[in-house]
*Asks:* 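Once you've had a glance at the structure underneath, I'll fire off some questions.
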Amino acid sequence: MINSSNIKNESVRKVVEDGKLHIFDHPLIQHKLTLMRDKKTGSKDFRTLLTEISLLMGYEVSRDLPLHDVEIETPICKTIGKQIDGKKVALIPILRAGLGMIEGLLSLIPVAKIGHIGLYRDEKTHKPVVYYCKLPEDIQQRNVIVTDPMLATGGSSVDAITMLKERGCQHIRLMCLVAAPEGILKVHEAHPDVKIYVAAVDEKLNENAYIVPGLGDAGDRIFGTK
Ligand code: PRP
Ligand code: URA
């Protein structure tokens with residue numbers, strides 16, 4: 001995790017110190033993120049890199065998942081081992097771009113259930129508009145990991161988390177790739193219980209509420225729609 005004294009924004013630094021923001025400084029993640037930011041990187045490589053980073057982030061995001069004891073037999077004797085309550089995890093991508101983080105997480109937690117929340121940002125107001133929500137039936141009993149590569153104004157993540165809480169979810173983490181300080185602070189203010197994981201805290205938002213320097217439109221770059 002990044003040393004909080006390296007974070008320029010004082011309010012964001014406090015969120016790190018509160019233990020509610022984890023910023024990954026692992027060299028593999030930083031290297032791959034630089035490749036993703038490069039506008040010359042095409043959709044195929046962009047998707048692969050996002051999957052690889054998601055897997056690396058998933059190691060930390062899943063650190064405090066509950067374990068239970070299981071009895072097994074080694075070639076030598078019976079023993080008690082630990083097993084993750086993998087069936088109790090739900091991955092919730094915010095459509096579209098959040099989908100790009102699911103494959104990497106599934107390779108770590110293959111039995112996780114997947115729900116989908118469809119939100120798009122209105123181009124003029126930059127406010128999120130809901131168009132889809134389909135969640136596992138027992139979502140309120142699950143440890144939820146919400147995925148979205150971009151945390152810009154924070155509106156989409158705040159609304160997605162609110163929708164999950166309205167359906168009874170209590171254990172929610174938010175996994176993003178690039179965040180603006182504005183987005184981190186908005187999520188933390190609305191949902192102080194939710195731990196946020198990011199690979200980078202960028203400088204600011206521009207007049208179109210895009211992250212600067214950012215990586216552009218994540219959905220378009222993943223799916224090649226522009
Ligand atoms: C992008 C991104 C986030 C949202 C972030 O989605 O994937 O969901 O914007 O912005 P915010 O923090 O200001 O809400 P977009 O609305 O472009 O939809 P898409 O994933 O379908 O392209
Ligand atoms: N959505 C994106 O895909 N990128 C941004 O920089 C902001 C919102």
Side-chain angles (χ1 to χ4, degrees), residues 1-9 12-13 15-65 67 82 84 86 89-94 96-112 114 143-152 157 172-181 183-184 187 194-204 210-224:
M1 193 176 74
I2 214 156
N3 183 333
S4 66
S5 62
N6 295 337
I7 301 165
K8 289 190 200 114
N9 184 303
V12 173
R13 193 159 58 229
V15 186
V16 174
E17 285 162 5
D18 277 359
K20 291 299 180 186
L21 174 64
H22 185 106
I23 308 169
F24 290 86
D25 65 350
H26 194 287
L28 286 172
I29 294 179
Q30 292 305 315
H31 176 88
K32 289 172 193 293
L33 175 58
T34 301
L35 295 173
M36 292 184 74
R37 288 187 193 271
D38 189 335
K39 67 178 183 185
K40 294 196 294 298
T41 300
S43 287
K44 179 173 166 290
D45 289 340
F46 191 90
R47 278 196 299 269
T48 303
L49 289 161
L50 184 54
T51 296
E52 291 170 355
I53 293 179
S54 304
L55 190 153
L56 293 166
M57 290 175 85
Y59 177 78
E60 183 63 33
V61 175
S62 57
R63 177 179 290 284
D64 57 355
L65 288 179
L67 293 168
K82 300 280 182 199
I84 285 180
V89 176
L91 308 178
I92 313 290
I94 301 180
R96 295 173 297 168
L99 284 173
M101 303 180 93
I102 295 302
E103 195 183 322
L105 289 177
L106 271 183
S107 58
L108 293 176
I109 316 170
V111 293
I114 304 173
N143 280 286
V144 171
I145 304 174
V146 176
T147 66
D148 193 333
M150 308 309 281
L151 183 57
S157 291
I172 303 173
R173 298 146 224 241
L174 174 64
M175 181 173 147
C176 303
L177 185 65
V178 179
I184 291 167
V187 171
V194 170
K195 187 155 178 190
I196 308 167
Y197 297 82
V198 300
V201 180
D202 276 11
E203 200 183 316
K204 59 178 182 185
Y210 271 76
I211 301 174
V212 179
L215 48 71
D217 189 304
D220 284 338
R221 294 196 66 188
I222 293 168
F223 296 107

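What's counted below: heavy atoms across the whole structure, side chains too, no hydrogens, waters or symmetry copies. In this chain, residues are counted from 1 in sequence order.
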*Asks:* Within this structure, what is the NZ-CG distance for the pair Lys44 and Leu49, rounded to the nearest 0.5 Å?
*Replies:*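 Answer for the NZ-CG pair, Lys44 versus Leu49, is 10.0 Å.
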*Asks:* So, do Leu28 and Glu52 sit near enough that their side-chain heavy atoms are less than 4.5 Å apart?
*Replies:*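 Of all side-chain heavy-atom pairs linking Glu52 with Leu28, none is under 4.5 Å.
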*Asks:* Looking at Glu103, I want to see if its CD is surrounded by more than 12 non-hydrogen atoms of other residues, nucleotides or ligands under 6.0 Å.
*Replies:*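 Not buried by this count: 12 neighbours or fewer within 6.0 Å.
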*Asks:* For Gly219 and Ala97, which heavy atoms make the closest approach, and how far apart are they?
*Replies:*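 Closest heavy-atom pair between Gly219 and Ala97: N-CB, 3.8 Å.
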*Asks:* If only atom types and distance count, is the side chain of Thr147 paired as donor or acceptor with the main-chain N or O of Gly98 below 3.5 Å?
*Replies:*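 At least one qualifying donor-acceptor pair exists.
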*Asks:* What pair of heavy atoms forms the shortest contact from Gly100 to Ile222, and how long is it?
*Replies:*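 That closest heavy-atom pairing would be CA-CD1, 4.3 Å.
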*Asks:* Please find the pair of heavy atoms, one from Ala200 and one from Leu33, that lie closest to each other, and give the distance.
*Replies:*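 Looks like CB-CD2, 3.6 Å.
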*Asks:* Is any NZ, NE, NH1 or NH2 atom of the basic residue among Lys40 and Asp45 found under 4.0 Å from an Asp or Glu carboxylate oxygen of the other?
*Replies:*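 Between Asp45 and Lys40 there is no salt bridge, as every charged N stays at least 4.0 Å from the carboxylate O atoms.
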*Asks:* If you measure from OG on Ser62 to CD1 on Ile84, what distance do you get to the nearest 0.5 Å?
*Replies:*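 Ser62 atom OG to Ile84 atom CD1 measures 6.0 Å (nearest 0.5 Å).
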*Asks:* Please name the residue in the list Thr34, Ile23, Leu56 that meets the side-chain contact (heavy atoms from CB on, under 4.5 Å) test with Ile29.
*Replies:*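 Among the candidates, only Leu56 passes.
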*Asks:* Quick check: does any side chain N or O of Arg221 sit under 3.5 Å from a backbone N or O of Gly216, one acting as donor and the other as acceptor?
*Replies:*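 Here the side-chain-to-backbone pair does not exist.
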*Asks:* If I compare all heavy atoms of Tyr59 with all of Leu108, which pair ends up nearest, and what's the gap?
*Replies:*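 Result for this residue pair: N-CD1, 3.7 Å.
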*Asks:* Do Leu105 and Val89 come close enough that some side-chain heavy atom pair is under 4.5 Å?
*Replies:*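 Side-chain contact under 4.5 Å: no.
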*Asks:* Could you check if a side-chain atom of Asp202 sits within less than 4.5 angstrom of a side-chain atom of Arg37, using non-hydrogen atoms only?
*Replies:*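 Side chain of Asp202 against side chain of Arg37, heavy atoms only: contact under 4.5 Å found.
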*Asks:* As an exercise, state the distance from OG1 of Thr41 to CG of Leu35, rounded to the nearest 0.5 Å.
*Replies:*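 Going from the OG1 atom of Thr41 to the CG atom of Leu35 covers 5.5 Å.
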*Asks:* Roughly how far, to the nearest 0.5 Å, is CG of Leu21 from CD1 of Ile7?
*Replies:*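 Reported to 0.5 Å precision, the distance equals 6.0 Å.
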*Asks:* For side-chain contact (heavy atoms from CB on, under 4.5 Å), just list the numbers for Ile109 and Leu65, CA-CA rounded to whole Å, side-chain angles, deciding distance to a tenth of an Å, and then say yes or no.
*Replies:* CA-CA 11 Å; Ile109 316 170; Leu65 288 179; 4.1 Å; yes
*Asks:* Within this structure, what is the CG-OG distance for the pair Asp148 and Ser157, rounded to the nearest 0.5 Å?
*Replies:*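 Answer rounded to 0.5 Å: 5.0 Å.
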*Asks:* Would you check if Ile92 and Ile172 make a side-chain contact, meaning some heavy-atom pair closer than 4.5 Å?
*Replies:*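 Contact flag for Ile92/Ile172 side chains = no.
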*Asks:* Quick one: does Leu177's side chain get under 4.5 Å of Leu50's, heavy atoms only?
*Replies:*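 SC-SC contact between Leu177 and Leu50 confirmed.
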*Asks:* Yes or no on side-chain contact (heavy atoms from CB on, under 4.5 Å) for Phe223 and Leu99, after CA distance, side-chain angles and deciding distance?
*Replies:* CA-CA 10 Å; Phe223 296 107; Leu99 284 173; 4.1 Å; yes
*Asks:* Ignoring hydrogens, what is the shortest heavy-atom contact between Asn9 and Pro181? Give both atom names and the distance.
*Replies:*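 Closest approach of Asn9 to Pro181: ND2-CB, 3.6 Å.
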*Asks:* Taking the side chain as every heavy atom from C-beta outward, state whether Val146 and Val194 have any atom pair closer than 4.5 Å.
*Replies:*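 A side-chain contact is absent here, since even the closest heavy-atom pair is not under 4.5 Å.
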*Asks:* Run the side-chain contact (heavy atoms from CB on, under 4.5 Å) test on Lys20 and Leu174 for me, step by step, so that the C-alpha distance in whole Å, both residues' side-chain angles and the decisive distance to 0.1 Å come before the verdict.
*Replies:* CA-CA 10 Å; Lys20 291 299 180 186; Leu174 174 64; over 6 Å; no
*Asks:* Could you give the distance from CG (Leu215) to CG (Asp220), rounded to the nearest 0.5 Å?
*Replies:*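 Reported to 0.5 Å precision, the distance equals 11.5 Å.
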*Asks:* Evaluate the side-chain proximity of Arg173 to Asn143: yes if any heavy-atom separation is below 4.5 Å, no if none is.
*Replies:*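 Side-chain contact under 4.5 Å: yes.
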*Asks:* So Met101 and Pro149, do their side chains get closer than 4.5 Å, heavy atoms only?
*Replies:*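 Contact flag for Pro149/Met101 side chains = yes.
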*Asks:* Which heavy atom of Gln30 sits nearest a heavy atom of Phe24, and at what distance?
*Replies:*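 The answer is NE2-O, 2.7 Å.
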